[in-house]
Asker: 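First, the structure itself, so that you have it in front of you.
Just so you know, ligand 1 is whichever comes first in the structure, and atom 1 is the first atom listed for that ligand.
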Amino acid sequence: MTDGLRARADELATRLAAVEQRLADACAAAGRSRSDVALVAVSKFHPVADLEVLHGLGVRAFGESRDQEARAKVAELALDGLAWHFVGRLQSNKAGSVASYAAVVESVDRRSLVDALSAGAVTAERAVEVLVQVSLDPPAAGEGRGGAPVDQVGALADAVAAAPGLRLRGVMAVAPVDEDPAAAFDRLAQVAERLRADHPDADRISAGMTGDLEQAVRHGSTSVRVGTALFGLRPPALR
Ligand SMILES: *Cc1c(COP(=O)(O)O)cnc(C)c1O
């Protein structure tokens, strides 16, 4: 290993330990067990060498937001037990590709995408887990940070649950930029609770990123998606 790679490996180990400490503290403060909260390493824009280091440190779940990049990493990394989470905006014409490698698609926000992912999963003869992405922005916010409006989550979830090849597992959200994340995650927890009444298996809440994982854990997140704290900054234009 070159000195540069060694230094990067040391940095990643230090960053992972710090994230683990934050998670342990957040779980303790919320009276929850650390094992109730999964860590997804959001590796978008970072090289496969970084993923190999984190894999060596025990990380198995990686989050990607662009099909082309994710597919290249999937092809290049021959590592045991990896679970790829697709967390980005997904165009329907990429759904077949994503369904061929993703363990979990966290960003399902519309009916047409359900149909396209289902067709892709059936073709690939795979079972793909799905989270419905919920918009926590006010209705007037337009595109916001993505996701289905709260009043459409139930129908979308029903469609996922009925779709061949897909397994409805819960909800995902990104906190709005201009609101206290705790309030937003509290609304998400209520959406998740209503969903579980109809779909008992849909018990996952993917919430919390580098800036707000403590609030998310306090409000019931079962999976945090951490990029910057684990890897450092992404190129500014691509964040
Ligand atoms: C990039 C991204 C993350 C990671 O965000 P950080 O603030 O870097 O931890 C999490 N979730 C989604 C949907 C993302 O696109």
Asker: If we check salt bridge (charged side-chain N to carboxylate O under 4.0 Å, His left out) with E64, which of these qualifies: K94, K73, R225, K44?
Answerer: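 With E64 as partner, salt bridge (charged side-chain N to carboxylate O under 4.0 Å, His left out) holds for just one option, K73.
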Asker: Can you tell me which portion of R234 lies within the under-4.0 Å heavy-atom range of ligand 1? Options are side chain, backbone, both, or neither.
Answerer: side chain
Asker: When you compare ligand 1 with V42, is there at least one nitrogen or oxygen pair between them that comes in under 3.5 angstrom?
Answerer: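 No, there is no polar N/O contact under 3.5 Å.
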Asker: Heavy-atom distance under 4.5 Å between the side chains of V105 and S107, does that happen here?
Answerer: yes
Asker: Which of the atoms in ligand 1, numbered in the order shown and given with their element, are less than 4.0 Å from a heavy-atom of V226?
Answerer: 9 (O)
Asker: Do the side chains of R111 and Q152 get nearer than 4.5 Å, heavy atoms only?
Answerer: no
Asker: If you measure every N/O of T228 against every N/O of ligand 1, is any gap under 3.5 Å?
Answerer: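 In this structure, T228 places an N or O atom under 3.5 Å from an N or O of ligand 1.
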Asker: Tell me the nearest of V224, L213, T210, D212 to atom 6 (P) of ligand 1, using heavy-atom distances.
Answerer: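 Shortest heavy-atom distance from atom 6 (P) of ligand 1: T210.
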Asker: Could you check whether the rings of F231 and H46 sit parallel, tilted or perpendicular, using 30° and 60° as the cut-offs?
Answerer: parallel
Asker: Do we see a donor-acceptor contact under 3.5 Å between the side chains of H199 and D158?
Answerer: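 Side-chain D/A pair, H199 to D158: present.
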